[in-house]
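Read through the structure below, which is laid out as structure tokens, and then see the notes.
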Amino acid sequence: MFIHITLPDGTRKQVPAGYSVRDALTATGERLDAKVLAAKVNGEPVDLSRPLNHDATIEPLTFESAEGREVYRHSSTHIMAQAVKEVFPTAQLTIGPALDEGFYYDFAFERPFTPEDLEKIEARAKEIMKRGLTVTRSELSKQDAIKFFQGRGEAYKVELIQGFDDQLPISLYSQGEFVDLCRGPHLPTTGHVGAFKLLSTGGAYWRGDERNPMLQRVYGTSFPTQKELDAHLAKLEEIKRRDHRKLGKELDLISTQDEIGPGLVLWHPKGSLIRLLIENFWREQHLKDGYELVYSPHVARLDLWKTSGHVDYYRENMFATMQIEGSEYQLKPMNCPFHIMIYKSHLRSYRDLPIRYGELGTVYRYERTGVLHGLLRVRGFTQDDAHLFCRPDQIETEVSRVLDFTFFILGTFGFTEFEVYLSTRPEKSVGSDENWTLATTALEAALKGRGVAYQVDPGEGVFYGPKIDIKIKDVLGRSWQCSTIQVDFNNPERFKLAYTGEDGKYHQPIMIHRALMGSIERFFGILIEHYAGAFPLWLAPVQVVVLTITDKQHECAARIVSELKGHGYRVEADVRNEKIGFKIREAEKNKIPYMLVVGEKEVQSGTVAVRGRSGANHGTMPIEGLLALLQTETNQVLRETATHSQTR
RNA sequence: GCUGGCGUAGCUCAAUCGGCAGAGCAGCGGUUUUGUAAACCGCAGGUUGGAGGUUCGAUUCCUCUCGCCAGCUCCA
């Protein structure tokens with residue numbers, strides 16, 4: 001009996017039934033490309049050794065595809081698990097999946113793995129790769145599989161299998177003495193992994209639940225070649241080099257201090273200046289975009305948060321209340337109730353809507369100590385918050401506006417790639433089906449209307465309404481959650497918000513919560529890493545530094561500084577009794593965009609020698625030339641701003 | 001919060017077995033007047049995160065506590 005197979009290029013072949021994928025691919029004498037790791041048969045990833053019994057389309061998988069990499073890393077983690085079992089026979093297997101850039105495996109073991117253990121495991125894993133063991137798949141009934149793993153003392157595997165469907169066979173993969181429960185597929189042999197490295201260890205709860213026992217997780221990664229592995233390791237180094245905690249300290253931008261408390265940030269003058277520039281830009285653009293800016297207090301009566309529902313839904317993340325003159329007050333975890341109260345301060349007409357209140361509002365949230373992280377996760381932070389009050393029929397337009405505005409604001413900071421998620425109704429939620437459908441449809445329509453590609457996150461919405469989350473991609477390709485746009489019908493109800501309609505009757509407005517940068521602290525942390533501390537000219541705390549060769553140029557330097565200051569630039573002069581190399585080194589370390597070297601020659605000719613950050617030589621020019629250079633660079637931001645305003 | 005690791009000068013790091021706490025950079029004082037990423041000499045800088053304990057003696061060992069780091073969980 002013969003079957004027909006179809007390849008991605010449209011080629012069709014006839015091969016005997018029972019041929020393996022590999023045989024089918026090479027049936028007409030072709031050589032199997034060494035890069036082929038596994039294959040997708042009728043869309044399902046399978047081993048190359050899988051027998052084919054029916055007509056099928058076959059798509060070979062290589063490391064180039066995400067699915068191919070997953071197979072590769074999955075086999076890599078099996079190799080690591082085998083190494084662990086060989087070196088530490090008492091370790092029990094649990095689970096070990098592939099990740100986007102590597103893999104991990106969780107083991108139940110009596111103690112944490114040490115760096116020395118890691119070396120031993122890695123050495124053994126490499127030896128297993130050299131052995132080139134054939135990886136074979138087998139199937140057992142659920143009962144037999146349980147017996148098999150019980151016999152091997154793998155209690156966690158037994159527990160996993162017990163949760164599986166009784167009817168379906170359980171697949172196992174073995175290589176040498178090592179056998180693991182696994183869906184597969186896998187590489188043909190352990191020799192197919194080229195370059196392999198273990199990276200770190202850490203604790204992880206069994207099934208991710210903190211009530212369960214702590215397992216020992218080992219992270220690693222693998223690539224076909226050492227060169228690719230080295231490139232990946234270099235990227236990890238680059239991430240370390242850009243760490244905002246390190247750069248924030250080195251550049252004297254921010255600090256956190258024990259005496260003040262964890263997750264509470266001090267903004268030093270240079271960090272504050274950058275923040276001021278960001279905030280000024282933010283305010284200007286919001287005013288242009290039809291927002292009204294407001295301020296609200298940092299504490300308020302607890303009753304306010306009872307009304308808003310935060311006491312019921314958010315208490316775990318709130319600081320403790322304080323007793324003032326017999327009533328309870330609460331440090332604010334959110335800005336929305338205040339904006340609502342401004343809305344409520346007088347009657348609103350349908351003609352007033354939409355109303356857009358924006359605030360750089362500082363909130364305080366109690367976060368568990370273990371989650372705090374530099375600027376990215378803190379306990380006191382400022383949200384670039386806004387609340388839009390609108391009629392149901394205005395949701396779509398408002399969301400469209402916000403989308404445009406978001407991409408514009410984030411684009412100004414050099415973020416041009418985004419991941420957009422639409423989160424729909426979760427199980428625990430309030431509100432009518434009509435409202436949920438209305439809001440979700442409006443969000444979807446807005447996304448489609450702006451031509452934004454998005455993914456749906458089912459059930460990931462907030463309890464009070466659906467939302468759009470926007471993640472930005474930084475220069476290293478990492479994604480960061482910043483922007484969120486959330487529809488809310490709960491708070492208008494809780495606070496009894498109303499507007500007078502055309503019909504003279506009261507109607508309930510819809511609220512939209514939105515933040516673009518999310519939190520200024522977090523956004524700043526991301527910016528530091530995105531720019532590696534080398535802020536663009538318009539954000540650099542010091543834009544230009546004048547470096548004198550000898551003290552004969554002091555006067556000239558002072559003149560240049562005052563002239564540039566007159567044009568609004570942030571300039572300093574370094575007239576210390578130091579060699580020019582020393583001054584340049586320091587300016588480089590401070591990542592100052594432009595250095596003006598002024599010596600006898602420049603004084604004579606009335607010019608400056610312009611050196612850009614990282615050594616760029618712009619040559620010698622008169623001050624006017626420099627001003628033109630600076631202006632061109634800052635104007636770029638302004639021009640884009642103007643373009644956005646025109647489209648409004 | 002949980003598991004593990006780590007807290008020494010402003011910063012980066014030393015200190016053998018429990019035996020006088022040290023270096024580089026930064027700072028300050030001098031010398032040097034210098035041409036594109038570190039001139040030279042000197043001075044000063046510390047209750048070794050905090051509290052308790054063991055010991056003749058603790059940076060070192062033990063207990064507690066605060067903070068940081070990695071991971072888990074959670075999230076702007």
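Labels below follow one simple rule: chain letters A, B, ... track the order of the sequence lines, proteins then strands, and each chain is numbered from 1.
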Exercise. Between atom CE of A:Met511 and atom OH of A:Tyr357, what is the distance when rounded to the nearest 0.5 Å?
Worked result: 11.0 Å

Problem set entry | Sub-6.0 Å ring centroid separation between A:Phe413 and A:His530 | no

Exercise. Between B:G7 and B:A39, how far is it from one C1' atom to the other, in whole Å?
Worked result: 36 Å

Exercise. In dot-bracket, 5' to 3', how would RNA chain B read with Watson-Crick or G-U wobble pairs under 3.5 Å, [ ] for crossing ones and | for pairs to another strand?
Worked result: (((((((..((((.....[..)))).(((((.......))))).....(((((..]....))))))))))))....

Exercise. Expressed in whole Å, how much space separates the P atoms belonging to B:U55 and B:C68?
Worked result: 35 Å

Problem set entry | Distance, P atom - from B:U59 to B:G22, rounded to whole angstrom | 13 Å

For this session: Identify which one of A:Arg242, A:Arg245, A:Arg478 satisfies the side-chain hydrogen bond (donor to acceptor under 3.5 Å, both in side chains) criterion when paired with A:Glu529.
Result: A:Arg478

For this session: Name the nucleic acid region contacted by A:Arg245, choosing base, sugar-phosphate or nothing; use a 4.0 angstrom heavy-atom cut-off, strictly under.
Result: sugar-phosphate

Exercise. How far, in whole Å, is B:C61 from B:U8 if one measures between their P atoms?
Worked result: 15 Å

Seminar exercise, completed: Of A:Glu586 and A:Gly263, the one whose nearest nucleotide on RNA chain B sits closer to the 5' end is A:Glu586

Exercise. Counting any heavy atom closer than 4.0 Å, what does A:Ile580 reach on the DNA or RNA strands: base, sugar-phosphate only, or nothing?
Worked result: sugar-phosphate

Problem set entry | Check: B:G50 base within 3.5 Å donor-acceptor of A:Glu259 side chain | no

For this session: Answer with base, sugar-phosphate or nothing: what part of the nucleic acid does A:Glu600 contact at a heavy-atom distance below 4.0 Å?
Result: base

For this session: If a protein heavy atom is under 4.0 Å from the base, mark B; if only from the sugar-phosphate, S; if neither, -; do that for nucleotides 71-76 of chain B going 5' to 3'.
Result: BBBBBB

For this session: Take atom P in B:A21 and the same atom in B:C40, then report the distance between them in whole Å.
Result: 30 Å

Problem set entry | Ring center gap for A:Phe88 and A:Phe109 short of 6.0 angstrom | yes

Exercise. Whole-Å distance between B:U36 C1' and A:Met621 CE?
Worked result: 15 Å

Problem set entry | Side-chain N,O (A:Arg611) to OP1/OP2 (B:G35) below 4.0 Å | no

Problem set entry | Close aromatic pair by centroid cut-off 6.0 Å: A:Tyr105 and A:Phe107 | yes

For this session: Check every atom of B:A37, B:G4, B:G35 against the side chain of A:Pro112 and return the nucleotide holding the closest atom.
Result: B:G4

Exercise. Honestly, is A:Arg217 close enough over A:Tyr104, meaning NZ or CZ under 6.0 Å from the six-membered ring centre and within 45° of the axis?
Worked result: yes

Problem set entry | Nearest-Å distance for atom pair CG/C1', residues A:Asp252 and B:A26 | 12 Å

Exercise. With A:Trp305, which of A:Tyr314, A:Phe338, A:Phe319, A:Tyr313 fulfils ring-ring contact (aromatic ring centres under 6.0 Å, His included)?
Worked result: A:Phe338

For this session: Using a 4.0 Å heavy-atom cut-off across all strands, classify A:Ala609 as base, sugar-phosphate, or nothing.
Result: base

Seminar exercise, completed: Taken to the nearest whole Å, CG/A:Asp574 to P/B:G35 is 15 Å

For this session: Determine, step by step, whether A:Trp206 and A:Glu159 satisfy the side-chain hydrogen bond (donor to acceptor under 3.5 Å, both in side chains) criterion, reporting the C-alpha distance in whole Å, the side-chain angles of both residues, the deciding distance to 0.1 Å, and the verdict.
Result: CA-CA 11 Å; A:Trp206 168 235; A:Glu159 190 182 327; 3.2 Å; yes

For this session: Rounded off to whole Å, could you give me the CD-to-C1' distance for the A:Glu588 and B:A37 pair?
Result: 7 Å

For this session: Could you encode protein contacts along nucleotides 5-12 of chain B as a string, one character per nucleotide from 5' to 3', using B for base contact, S for sugar-phosphate-only contact and - for no contact, with a heavy-atom cut-off of under 4.0 Å?
Result: -------S

Exercise. Rounded to whole angstroms, how far apart are CD on A:Glu578 and P on B:C40?
Worked result: 11 Å

Problem set entry | Euclidean distance, atom CG of residue A:Asn212 to atom C1' of B:U3 [Å, nearest integer] | 14 Å

Exercise. If you draw the axis of the six-membered ring of A:Trp480, does the NZ or CZ of A:Arg522 fall within 45° of it and under 6.0 Å from the ring centre?
Worked result: no

For this session: By nearest nucleotide on RNA chain B, pick out whichever of A:Gln216 and A:Thr620 is the more 5' one.
Result: A:Gln216

For this session: Decide yes or no for A:Phe196 and A:Leu229: does some side-chain heavy atom of the first lie under 4.5 Å from some side-chain heavy atom of the second?
Result: no

Exercise. From A:Leu251 CG over to A:Phe535 CZ, what is the distance, rounded to the nearest 0.5 angstrom?
Worked result: 7.5 Å

Exercise. Would you call A:Asp106 and A:Arg207 a salt bridge, taking side-chain N to carboxylate O under 4.0 Å as the test?
Worked result: no

Exercise. If we take the C1' atom in both B:G45 and B:C64, what is their distance in whole Å?
Worked result: 32 Å

Problem set entry | Spacing of A:Ile239 atom CD1 relative to B:A70 atom C1', expressed in whole Å | 15 Å

Exercise. So, for A:Phe418 and A:Phe407, is the gap between ring centers shorter than 6.0 Å?
Worked result: yes

Exercise. How far does the P atom of B:C25 sit from the matching atom of B:A38, given to the nearest Å?
Worked result: 14 Å

Exercise. What is the distance from CZ of A:Phe113 to P of B:U3, rounded to the nearest Å?
Worked result: 18 Å

